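To start, the structure itself, in structure tokens.
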Amino acid sequence: MAAPSTKSVLFVCLGNICRSPIAEAVFKKMATDAGVVDKWVIDSGATSDWNVGSAPDGRGLACLQKHGIETSHRARQVTKEDFMNFEFILCMDNSNLSDLQKKANSVKNHTAKIELLGSYDPENELIIKDPYYGSDEDFEKVYQQCLRCCNAFLDKNST
């Protein structure tokens, strides 16, 4: 569990191999560059168990590398403990949001604030679409959305 002076965020998508690991890596780099990474617990997870233990999608890794970002994340499924251990759980679409809210309802006195990551987008793109069946350009769009949203989220939560 995060220390009282530490903030925490869990990024969530369906499989934890495309969108959420990109968001996690982007946010981790932003927090590092801002000199506040030691004040954050940052992770990502999946609503499903399909890809547990898998590395992120190669197209997502290539997109991150193109922008100078590395990740060694392995997919994991969101646990009941996450709803107590993370201050923020930020997901990518309404299906993720619904799945997380259902799971949260089974956790007595959960403390996590569950939101769409896109709710922080200054360009008001609320949904971050799954690029899995798409192209490299779709992964780039996810990256750009995550960049905007994570920047706004960090700004809002940096005090």
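For clarity, every value in this text was computed on a predicted model and none was experimentally measured.
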### Query
With a 4.5 Å limit on heavy-atom distance, are the side chains of Ile128 and Asp93 in contact?
no
### Summary
Closest heavy-atom pair, Leu64 versus Ala25, reported as atoms and distance to 0.1 Å, is CD1-CB, 3.9 Å
### Task
Locate the shortest heavy-atom distance separating Ile22 from Gly60; write the atom from each residue and the value.
CD1-CA, 4.1 Å
### Message
Can you tell whether the side chains of Arg148 and Glu123 come within less than 4.0 Å, N to carboxylate O?
### Response
yes
#### Entry: Test side chain to side chain contact (heavy atoms under 4.5 Å, CB included) applied to Leu116 and Cys91, step by step
CA-CA 5 Å; Leu116 289 169; Cys91 61; 3.9 Å; yes
#### Entry: Value rounded to 0.5 Å, distance of OG in Ser20 from NE2 in His73
6.0 Å
### Query
Can you tell me if Gln145 uses its side chain to pair, donor with acceptor, with the backbone of Ile127 under 3.5 Å?
yes
### Query
So do Tyr120 and Glu115 actually touch side chain to side chain, heavy atoms under 4.5 Å?
yes
### Query
Applying the 4.5 Å side-chain criterion to the ILVMFWY set and letting contacts propagate, would Trp50 and Tyr133 be lumped into a single cluster?
no
### Query
Between the side chains of His67 and Glu140, does any donor sit under 3.5 Å from an acceptor?
yes
### Message
Taking the side chain as everything from C-beta on, heavy atoms only, tell me whether Val37 gets closer than 4.5 Å to Met30.
### Response
no
### Task
Say whether Ile17 and Leu10 are linked into one hydrophobic cluster, either directly or through other cluster members, by side-chain heavy-atom distances under 4.5 angstrom.
no
### Query
Backbone N or O of Thr47 within a donor-acceptor pair of the Gln77 side chain at under 3.5 Å?
yes
### Message
Once rounded to the nearest 0.5 Å, what's the spacing between atom OH of Tyr143 and atom SG of Cys150?
### Response
10.0 Å
### Message
Quick one: does any side-chain atom of Lys39 pair with a main-chain N or O of Lys7 as donor and acceptor, under 3.5 Å?
### Response
no
### Query
Is there a side chain to side chain contact (heavy atoms under 4.5 Å, CB included) between Cys146 and Leu117 once you walk through the steps?
CA-CA 8 Å; Cys146 288; Leu117 176 58; 4.2 Å; yes
Identify every side-chain donor-acceptor pair in residues 51-58 under 3.5 Å, counting partners at least two apart or on other chains, and give the distances.
| unit_1 | atom_1 | unit_2 | atom_2 | d |
| --- | --- | --- | --- | --- |
| Asn51 | ND2 | Gly15 | O | 3.4 |
| Ser54 | OG | Asn51 | O | 3.1 |
| Asp57 | OD1 | Arg59 | N | 2.8 |
| Asp57 | OD1 | Arg59 | NE | 3.0 |
| Asp57 | OD2 | Arg59 | NH2 | 2.9 |

### Distance (rounded to the nearest 0.5 Å) between Cys63 SG and Asp136 CG
8.5 Å
### Close side-chain approach of Val107 and Met84, heavy atoms under 4.5 Å
yes
### Query
Do Phe83 and Ile114 have side-chain heavy atoms sitting under 4.5 Å apart?
yes
### Query
Looking only at atom types and distance, does a side-chain atom of Asn151 sit under 3.5 Å from a main-chain N or O of Leu147, one as donor and one as acceptor?
no
### Task
In plain terms, say whether Glu137 and Lys141 are close enough for a salt bridge, that is, a side-chain N and a carboxylate O under 4.0 Å apart.
no
### Query
So, does Ser98 use its side chain to make a donor-acceptor pair with the main chain of Ser95 at under 3.5 Å?
no
### Task
Kindly state whether the ring of Trp40 and the ring of Phe11 have centres lying under 6.0 angstrom apart.
no
### Query
Which heavy-atom pair separates Ile89 from Phe86 by the least distance, and what is that distance?
CG1-CB, 4.3 Å
#### Entry: Heavy-atom check, side chain of Tyr132 versus side chain of Asp138, under 4.5 Å
no
### Backbone N/O of Leu14 and side chain of Ser48: donor-acceptor pair under 3.5 Å
yes
### Query
Side-chain donor-acceptor pair under 3.5 Å between Asp121 and Asn124, yes or no?
no
#### Entry: CD-CD distance between Glu70 and Gln65, expressed to the nearest 0.5 angstrom
5.0 Å
### Query
Which heavy-atom pair separates Pro131 from Arg19 by the least distance, and what is that distance?
CD-CG, 3.6 Å
### Query
Mind checking whether Cys13 and Asp130 have side chains closer than 4.5 Å, heavy atoms only?
no
### Summary
In this structure, CZ of Phe139 is separated from CG of Leu61 (nearest 0.5 Å) by 9.5 Å
### Task
Taking all non-hydrogen atoms of both residues into account, name the closest pair between His110 and Ala104 and its distance.
CD2-O, 3.3 Å
### Query
Are more than 12 heavy atoms from other residues, nucleotides or ligands located less than 6.0 Å from atom NZ of Lys129?
no
### Message
Measuring only between side-chain heavy atoms, which start at C-beta, is Phe88 closer than 4.5 Å to Ser8?
### Response
no
### Task
Using a strict 4.0 Å threshold on nitrogen-to-oxygen distance, state whether Asp33 and Lys29 make a salt bridge.
yes
### Query
Step by step, would you call Leu100 with Val12 a side chain to side chain contact (heavy atoms under 4.5 Å, CB included)?
CA-CA 9 Å; Leu100 288 166; Val12 177; 4.0 Å; yes
### Query
Under 3.5 Å, side chain of Asn105 to main-chain N/O of Lys102, donor-acceptor pair present?
no
### Query
Picking from Asp43, Asp49, Asn16, what satisfies side-chain hydrogen bond (donor to acceptor under 3.5 Å, both in side chains) with Arg76?
Asp43
### Task
Taking all non-hydrogen atoms of both residues into account, name the closest pair between Ala34 and Leu154 and its distance.
CB-CD2, 4.3 Å
